[in-house]
J.: 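Dropping a structure here in structure tokens format, bear with me for questions.
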Amino acid sequence: HMVEATLTVDDAAVNDFSALAPLLALPEVQERIAAERTGSAPAPIEAEDTAAATVAEEVAEDVLAEEIAARPVAAPASIDVPALWRALIDVENEL
């Protein structure tokens, strides 16, 4: 029995995984986690046509690379360059 869930990934400065809690609470997921911990999980399903799977994976990687390349580059927030250099110098001195 397969449960479908939608997961949205947002770009953030800090990782927040709290939205995974409802997914982790599903009985199917709990059973799979328990099976993984005890080593009784089913083996992964092998693709029948490894060549087709490889091509599909390469196409997916190409699409992802194109999406990443098309994203606008965000300008960094205002950076206090002298303070940054001072912090780097202080850390290097501590080493």
J.: Is there a path of hydrophobic side-chain contacts, each under 4.5 Å between heavy atoms of I, L, V, M, F, W or Y residues, that connects V59 with L64?
T.: no
J.: Holding to side-chain contact (heavy atoms from CB on, under 4.5 Å), I want the full list of residues that pass it with N93, two or more places apart in sequence or in another chain.
T.: I89
J.: Suppose we screen for salt bridge (charged side-chain N to carboxylate O under 4.0 Å, His left out). Which residues come up paired with D90, at least two apart in sequence or across chains?
T.: R86
J.: Got a sec, which pairs hit salt bridge (charged side-chain N to carboxylate O under 4.0 Å, His left out) with one end in residues 60-70, sequence neighbours left out?
T.: none
J.: Same cluster or not: are V81 and V91 linked, directly or through other Ile, Leu, Val, Met, Phe, Trp or Tyr residues, by side-chain heavy atoms under 4.5 angstrom apart?
T.: no
J.: Identify the heavy atoms of L23 and V29 that sit nearest to each other, and give their distance.
T.: O-CG2, 3.4 Å
J.: Would you say L88 and E92 make side-chain contact, with heavy atoms under 4.5 Å?
T.: no
